[in-house]
Each structure stands twice: as structure tokens, then as C-alpha cells.
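Chain A is the first sequence line, chain B the second, and so forth, proteins listed ahead of strands; every chain is numbered from 1.
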Amino acid sequence: MPESGEGLPIRKHTVRSFDEELEHLTRQIVHMGALVERQVAEAIRALVERDGDTAARVVQQDDEVDELEEAIDQEAIRILATRQPMAIDLRMVAMALKISNDLERTSDYAVNIARRVQRLIEQPPLKPLVTIPRMAELVQLMIKDVLDAYVRRDAERALDVWRRDEEVDQYYNSLFRELLTYILEDPRRTSMCIDLLFIAKNLERIGDHATNIAEKIRYIVHGDLINRMSRDVKK
Amino acid sequence: MTAMDKARDGYTVTLGRAADPGSEFAARVKVEVEGLSFWYGGKQALFDVTMPIAERRVTALIGPSGCGKSTFLRCFNRMHDLYPGNRYAGRIVLHPDGIDIVSPKTDPMIPRLRIGMVFQKPNPFPKSIYENVAAGLRIRGIRDRALLDEQVEKSLRRAALWDEVKDRLDASAYDLSGGQQQRLCIARALAPEPEILLLDEPTSALDPIATAHIEELIDELRAEYTIVIVTHNMQQAARISQFTGFFHLGRLVEFGPTQQLFTRPRETMTQDYITGRFG
Ligand SMILES: Nc1ncnc2c1ncn2[C@@H]1O[C@H](COP(=O)(O)OP(=O)(O)OP(=O)(O)O)[C@@H](O)[C@H]1O
Ligand SMILES: [Mg+2]
């Protein structure tokens with residue numbers, strides 16, 4: 001497995017089947033990540049292009065993601081029980097359990113967005129969307145990059161994703177104000193604005209999960225804090 | 001050998017990063033091993049080993065077969081003196097009195113009386129079960145039968161053997177199974193209540209239940225004793241010890257708090273070993 005940053009270099013296990021199991025687990029996470037990344041992208045496309053079919057497809061994929069999460073968790077538990085991994089192996093397997101959960105949550109948010117899109121497109125558009133697609137693009141890139149960082153075990157790249165979360169939060173806050181103004185101007189638009197507000201909130205939460213995954217990658221590589229970046233890298 | 005944070009305050013040694021006072025990682029040093037080397041005749045088996053042994057803590061020693069773990073333990077009670085040509089360099093300082101165990105000036109009986117040892121292979125005396133356990137007490141001049149009885153029973157109970165032998169204490173120790181003999185040796189080492197207990201793979205011949213009993217015993221004993229245990233079972237080392245030293249080819253490669261050593265070792269060689277990526 002490639003290694004970067006200050007982590008210790010990794011050789012093959014004496015027991016080859018253990019390497020195969022870890023590689024399989026990693027591949028499953030990557031597979032689940034790709035699926036979820038696509039779900040988010042399609043949910044956004046459905047929103048921008050007002051495409052009900054795409055939105056429906058996003059909703060349908062939910063089951064597949066749930067099944068993958070289950071498979072990953074079962075496999076990780078089995079490895080813990082049968083191999084009793086230590087050090088880097090232990091960190092990888094334990095974090096697979098956590099990352100699968102972050103991905104599953106991300107998928108739920110994408111589904112949530114898609115459901116709101118299905119409702120939104122039954123009404124005429126509010127006005128051309130500008131901020132939400134931009135925010136969505138940022139979040140999508142975070143997911144893509146964090147999955148990349150996972151495959152490469154690249155703590156630096158993960159840190160870079162982690163730093164971008166602040167920008168997502170700023171987008172969310174300005175969107176919140178913008179949509180609130182619309183509601184005040186034209187109360188008949190309230191329910192539509194609330195849907196958009198929830199979509200923005202879902203995007204913001206997706207950004208949070210990408211950030212969580214970034215923290216897990218850092219832990220896999222360095223083995224220090226699991227749920228936050230260590231203090232010395234704080235912005 | 002890695003640098004370790006070692007903040008000194010009298011006998012207190014704080015090992016690992018930012019150990020809180022009162023935590024498992026702030027301990028007094030019971031034994032200081034300083035630059036210890038050892039030669040079997042012309043063959044050097046230990047190279048400049050420096051490590052503290054924390055008082056009332058369990059220190060685990062791990063490393064591949066032949067790396068010198070047993071050799072290291074045997075230095076503590078001067079076992080190697082029994083063969084001519086063996087040679088020590090460096091010091092093993094026993095606190096609080098500061099005696100250097102391996103100094104030729106030190107009477108080897110001193111460490112032998114203060115340090116109990118259980119060997120890798122069970123080595124009961126060719127005597128009864130009872131006499132095996134009582135032996136160390138008799139050496140110390142205890143003659144009172146009631147006191148001997150009491151201490152023998154207590155030690156056998158602690159070693160999780162009492163129920164299996166209480167009806168045949170006068171039978172030969174050789175009639176016991178391998179695992180029972182090992183527990184008998186543990187009872188024998190415990191009976192005189194030594195300051196330090198050295199255990200060389202004490203559970204390698206035991207079934208899971210007896211192993212669990214011994215692990216529980218070790219955990220209990222550390223309230224009063226300083227314990228060093230050699231084990232090939234990584235999970236066992238991780239479960240029962242507070243500090244761990246990893247040996248390779250007669251050298252101490254890494255020493256630190258157990259949790260750190262097993263979750264994020266500093267040395268690649270340690271990681272390769274504990275994760276099963278060795279040679
Ligand atoms: N009596 C002896 N004379 C000469 N060399 C010895 C003697 N005992 C051990 N050695 C050598 O010293 C080295 C360390 O042996 P030691 O028994 O200390 O290893 P160990 O770490 O306890 O191994 P294991 O895990 O197999 O018990 C080995 O190379 C061994 O061959
Ligand atoms: Mg040995």
C-alpha cells in the first residue's frame with residue numbers, strides 16, 4: 001500500500017491472505033465512496049437541470065449504499081476478530097468502520113436533496129440558482145479529493161480538504177441570509193425557499209462528513225487524534 | 001533505541017508523552033538497566049540495552065525468537081554466572097537501595113532472594129507439589145508449619161492451580177501436566193513474595209482459561225509487585241502491560257507506553273513485527 005507523509009513505510013504481511021483482506025476492505029470503501037460521490041453529483045445536477053428522472057435515480061441508489069455499508073462493517077468486524085490487527089492495520093480497519101458511516105450519512109443527504117428536488121420542480125423556478133451550484137461544486141470536490149486522499153493515504157491532501165470546510169460554512173451562512181430575504185419579500189415563496197434552505201443545509205452537512213473522513217485519514221497515517229486534526233494544524 | 005521522554009523527579013520516571021501525574025505512565029523506577037551487554041563466551045547476545053523497569057507496573061518484552069529476551073531476564077538473577085566464560089557489561093540498578101545486580105561485587109543471592117522468576121519451560125523440583133511451593137520459603141528460614149501451609153495454599157490459589165491439586169499435595173510435581181507444572185512454578189515464584197517477578201512466556205503452555213487466570217493474577221499482583229513478562233502473544237502484551245520493550249537481535253529497538261507502541265509505534269521495525277510483516 002502506498003504511503004506518504006510521516007507515516008511508517010508499509011511492507012507486505014507474512015500472511016498474504018491478510019494483505020488481501022485489507023486490500024479488499026479498502027477497495028470496498030473506495031467503491032462505496034465512488035457511488036456516494038456520484039449520488040451527490042447527480043442530486044445537484046437534478047436540481048440545476050430540474051431533472052426528475054435523475055432525482056429518482058439518486059433516491060433509488062440508497063439501498064445499494066446501505067448494503068455496501070453493511071458489507072464493509074461486517075468485513076471489518078471479521079478482520080478484527082480473526083486477525084487482531086495492530087498499529088497501522090488496526091487503524092485502517094477501525095477507520096473503515098467510521099468512514100463507511102460517514103459515507104452512508106453523505107448518501108442520506110444526497111437522497112434528501114433529491115427528494116426536495118422532486119418536489120421543487122413541480123413549481124416554477126424561483127430565479128436562476130447561483131450560490132447553491134457553486135457551493136455544491138465545492139462540496140463535490142471535497143468528496144472527490146478526500147476519497148483520493150484515502151486511496152493514497154495522503155494526510156496532506158486530507159488536511160487540504162479539511163481546511164475547505166470553512167468556505168462551505170460561509171456559503172451556507174450567506175445562502176441562509178439570502179433565502180431569508182426572499183421569504184420576507186414574498187411569503188408565498190416560503191415553502192420553496194425552505195426546501196432550498198434544507199438543500200443548502202444538506203450540502204453543508206456533506207462538507208462536514210468529508211471533513212470527518214479527512215480526520216480519519218490523518219489518524220490512519222499518523223495515529224494521533226481520531227476526531228479532529230491536531231491542534232498545530234488549526235487555521 | 002528511540003528517545004523517550006523521561007522526566008525525572010527523584011525515583012519517579014514519567015514515560016511517554018504528557019503523562020499525567022498519578023496516571024499509569026508516571027511510575028517510580030524499580031530497576032534501571034543501563035548499557036547492558038552480555039556475552040555467552042565469545043558470542044554477544046545483548047547490546048547496550050538501556051531501559052527503566054517501572055515499579056508496580058507490568059513491563060512486557062516482545063521480539064522475535066532468539067532476540068535475547070530470555071537472556072535479558074536471566075541477567076536479573078545472575079543465572080548466567082552458573083556457566084564460566086559468560087560476561088556482563090553495564091549495570092542493572094535495583095532501587096531503592098541502588099544495588100548493581102550484575103556487579104561482581106554483588107552477592108548473586110541478593111537478586112535471587114528479591115526477584116522471582118518463572119522460566120519458559122516449566123522446571124519443577126523433583127519433589128512433591130507442596131515442597132515445590134514451600135522451597136523458597138524454607139530457604140528464607142520459615143519453619144512454622146501453619147505459616148507454610150497458609151502460604152502454599154495462597155500461592156497455589158493465586159496461580160489458579162489449587163482446585164486441581166489440593167487433594168494430592170504430596171504427589172510428585174512430575175505427575176502434573178505441562179500447563180499445571182507451569183502454574184506450579186508460578187506459585188513457587190510467588191510464595192516468598194519477591195519484589196520483582198520475571199515471567200518468561202508463562203502462559204505459552206496454558207489453555208485459554210488458565211491463561212485468563214494468570215493474566216488476571218498479573219493484573220492483581222501489580223498493585224504490589226513489579227512485573228516483567230516476556231510474551232509472543234501481542235494481544236496479551238497489549239492487554240496486561242503498561243510498558244513494552246521491543247527487542248531485535250539483542251538490541252532494544254523501541255520502548256514506550258504499551259498503548260502507544262501497539263497503536264502507533266515509532267520504529268518501522270516495531271510496526272513490521274507487531275503487524276506480522278517480519279522477514
Ligand atoms: N547458553 C547459551 N549459549 C550460547 N548462546 C545462547 C545461549 N542461550 C541463548 N543463546 C543465544 O542467544 C540469543 C538469544 O537467545 P534467547 O534465549 O535470549 O532468545 P529469546 O528472545 O528468549 O528467544 P525465544 O523467544 O525463542 O525464547 C540466541 O541467538 C541464542 O541462540
Ligand atoms: Mg526465550
**Message:** Measuring only between side-chain heavy atoms, which start at C-beta, is B:Q235 closer than 4.5 Å to A:M86?
**Reply:** yes
**Prompt:** Hey, what do you get for OG1 (B:T268) to CD1 (A:I88), rounding to the nearest 0.5 Å?
**Reply:** 11.5 Å
**Prompt:** At their closest point, which heavy atom of A:G223 faces which heavy atom of B:R264, and how far apart are they?
**Reply:** O-CD, 2.6 Å
**Asked** Do other residues, nucleotides or ligands put more than 12 heavy atoms under 6.0 Å from B:R239 CZ?
**Response** yes
**Message:** Is it the case that atom CD in A:Q84 sees more than 12 heavy atoms from other parts of the structure closer than 6.0 Å?
**Reply:** yes
N/O donor-acceptor pairs under 3.5 Å from side chains in residues 69-80 of chain A, not counting sequence neighbours:
unit_1	atom_1	unit_2	atom_2	d
A:E70	OE2	A:Q74	NE2	2.8
A:D73	OD1	A:S100	OG	2.7
A:E75	OE1	A:H24	ND1	3.0
A:E75	OE2	A:H24	ND1	3.1

Sequence neighbours left out, cut at 3.5 Å: what donor-acceptor pairs do the side chains of residues 56-63 of chain A make with other protein atoms?
none

**Request:** Give a yes or no on this: more than 12 heavy atoms of other residues, nucleotides or ligands lie within 6.0 Å of atom CZ of A:F198.
**Result:** no
**Message:** To the closest 0.5 Å, what do you measure between OG1 (B:T263) and CG (A:D224)?
**Reply:** 10.0 Å
**Prompt:** Of the non-hydrogen atoms in B:R277 and A:H13, which two are nearest, and what is the gap between them?
**Reply:** NH2-CE1, 2.9 Å
